[in-house]
Every structure is written in structure tokens, then in C-alpha cells.
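The structure under discussion appears below in the form of C-alpha cells.
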Amino acid sequence: MDNSKYRYTSPIGTMVIETDGEFILRLDFKGNKEVNPEKINHEENCDHTEPHCVITARMWLDRYFKGENPSITELPIKPMGTDFQMKIWDILKSIPYGETITYGEIARAAGYGTEEKAAASQAVGGAVGRNPISIIIPCHRVIGKNGNLTGYAGGIDKKVFLLQIEGHNMDNLRMPKIKVIKHKKEIK
């Protein structure tokens, strides 16, 4: 079966779920350059045509956006990447809900010592930025040293929103000097 893409409307924008029919391969924001809009199935929530893994991902995301903490183990995901990326994404999967971790802490968890710290943190940053399954593999929980909120492929405003959903204390985090977009839809 060829890979298929399905639209999911979240409170922070349209997302695309890509599947091979059995596994979720990608979950990304529609504006991301990796997403080809011509290849998206525009039918939403049409259970009779969607693979079971897409239905399951939709339900998982609905629960997440309601402020619940669904387990990543409930989903059949299959991210594709290099051995190094897979190692980093496995570390991302272990970040507890509502908590954050720094790039340096991920580098140490991946086995890099202090003498390799700068290069390792940059390599980790590259792998985090290439995470193909946003939100579910929680790359939004990665911050810079000293609590600096760093980039997020979906946009820093989405990262802030996701951390707030999880009840993260934002007082200790430093916003970058960019304008944060406020969304019309807000979860209460």
C-alpha cells in the first residue's frame, strides 16, 4: 500500500497524518515544507475509509488537546530516520508529560560526555528538528540551557501552547525575542 495522508484539525492549526496503512509515519503541521498539500486526503473523520491507525491517532490527539495524558504506547508509530535520530527520538519518547529536558541533557542520555558537549548538543538539535511525528514524539518538551525556549518546526507559539496544555510552569522559561502569535481558538 502506498503512503496516504489525512488532515487533522487541531486547536493550533491543520496537521497531516501520514500512514502506510498500518503505522503512523509522520504527523506534521500543514505549513511545514515536508507536507505536500496535493497529496492530502481532505475528508476528515471519515472512519469508513481511514486506516485504523489514523482513527486511533485522531482519538489520541483529541484526548491530548483536551488536556489528557494519553500514552504513546497506544499508537502504532514508525518514525523513519538514521540510527542516531532513532536513538534521540527514543529519548524524546521518555520525557514525562508536563516536563522539559535540555539538548545537553539529551546528549548526555545518548552517551556523550562533557568534552563533546557543544557538538553533541548541535547534533541532538538536528535530530530533534527532524522528528517526523510531532506532539506524539514530544520534541516540544525540549528547551535550551537556562530555560530558553528554542525553535519548534510548527512555530514557537505552538510549542508554548503545547507546554501550557500539559500544565508546564512557564514562569521559568525564557521566550525568544520574537512575536508570539495568539490563536483565535483556545482550549479552556
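Note that these values count all heavy atoms, side chains included, but never hydrogens, waters or copies made by symmetry. In this chain, numbering begins with 1 at the start of the sequence shown.
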Measuring only between side-chain heavy atoms, which start at C-beta, is [X] closer than 4.5 Å to [Y]?
X      : Y      : result
Arg141 : Leu92  : no
Trp89  : Cys139 : no
Ile24  : Leu75  : no
Phe23  : Ile133 : no
Val16  : Arg26  : no
Pro79  : Ile137 : yes
Glu166 : Asn69  : no
Leu163 : Leu173 : yes

For residues [X] and [Y], report the shortest heavy-atom separation together with the two atoms involved.
X     : Y      : value
Phe84 : Val124 : CZ-N, 4.1 Å
Gly67 : Tyr97  : O-OH, 3.3 Å
Gly21 : Pro51  : O-CB, 3.6 Å

Set of residues satisfying ring-ring contact (aromatic ring centres under 6.0 Å, His included) with respect to Trp60, sequence neighbours excluded: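 By the ring-ring contact (aromatic ring centres under 6.0 Å, His included) rule, Trp60 matches Tyr64.
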
To the nearest 0.5 angstrom, please state how far the [atom1] atom of [X] sits from the [atom2] atom of [Y].
X      : Y      : atom1 : atom2 : answer
Met86  : Lys93  : CE    : NZ    : 6.5 Å
Ile17  : Ser4   : CD1   : OG    : 12.0 Å
Thr56  : Glu50  : OG1   : CD    : 10.0 Å
Ile143 : Thr100 : CD1   : OG1   : 3.5 Å

Could you check whether any side-chain N or O of Arg130 sits under 3.5 Å from a backbone N or O of Gly126, counting only pairs where one atom can act as donor and the other as acceptor?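 Looks like yes, one N/O pair under 3.5 Å.
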
Strictly distance-based, threshold 3.5 Å: is any side-chain N or O of Lys159 a donor or acceptor partner for the main-chain N or O of Thr150?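 Judged by distance alone, yes, a pair lies under 3.5 Å.
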
Passes side chain to side chain contact (heavy atoms under 4.5 Å, CB included), Ile72 versus Ile77? Steps please. CA-CA 9 Å; Ile72 192 171; Ile77 62 171; 3.9 Å; yes

Is Glu105 paired with Lys145 through a side-chain N to carboxylate O contact shorter than 4.0 Å?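 A salt bridge is absent here (no side-chain N lies under 4.0 Å from a carboxylate O).
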
Listed by chain and number, what are the side chain to side chain contact (heavy atoms under 4.5 Å, CB included) partners of Ala110, not counting sequence neighbours?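 Counting only residues at least two positions away or on another chain, Ala110 forms a side chain to side chain contact (heavy atoms under 4.5 Å, CB included) with Lys87, Ile88, Ile91, Tyr112.
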
Aromatic Phe29 / basic Lys158 pairing, under 6.0 angstrom, 45° off normal: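 The answer is yes; both the distance and angle limits are met.
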
Check this for me: Asn169, atom CG, are more than 12 non-hydrogen atoms of other residues, nucleotides or ligands nearer than 6.0 Å?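 Correct, the count exceeds 12.
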
Let me see the working for Asp62 and Tyr8 under side chain to side chain contact (heavy atoms under 4.5 Å, CB included), right down to the final yes or no. CA-CA 10 Å; Asp62 288 345; Tyr8 175 78; 2.7 Å; yes

May I ask whether Leu25 and Tyr6 are part of the same hydrophobic cluster, defined by side-chain heavy atoms of I, L, V, M, F, W, Y residues being less than 4.5 angstrom apart, directly or through others?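 No: no chain of side-chain contacts under 4.5 Å links Leu25 to Tyr6.
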
Do His52 and Glu22 have a side chain donor and acceptor closer than 3.5 Å?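 No, because no side-chain N or O of His52 sits under 3.5 Å from a partner of the opposite role on Glu22.
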
Determine, stepwise, if the pair Tyr152 / Leu162 fulfils side chain to side chain contact (heavy atoms under 4.5 Å, CB included). CA-CA 11 Å; Tyr152 182 64; Leu162 296 170; 3.5 Å; yes

Go through it in stages, so that I can follow the logic: the residues are Asp28 and Met15, the test is side chain to side chain contact (heavy atoms under 4.5 Å, CB included), and I'd like the CA-CA distance, side-chain angles, deciding distance and then a yes or no. CA-CA 5 Å; Asp28 217 334; Met15 301 187 78; over 6 Å; no

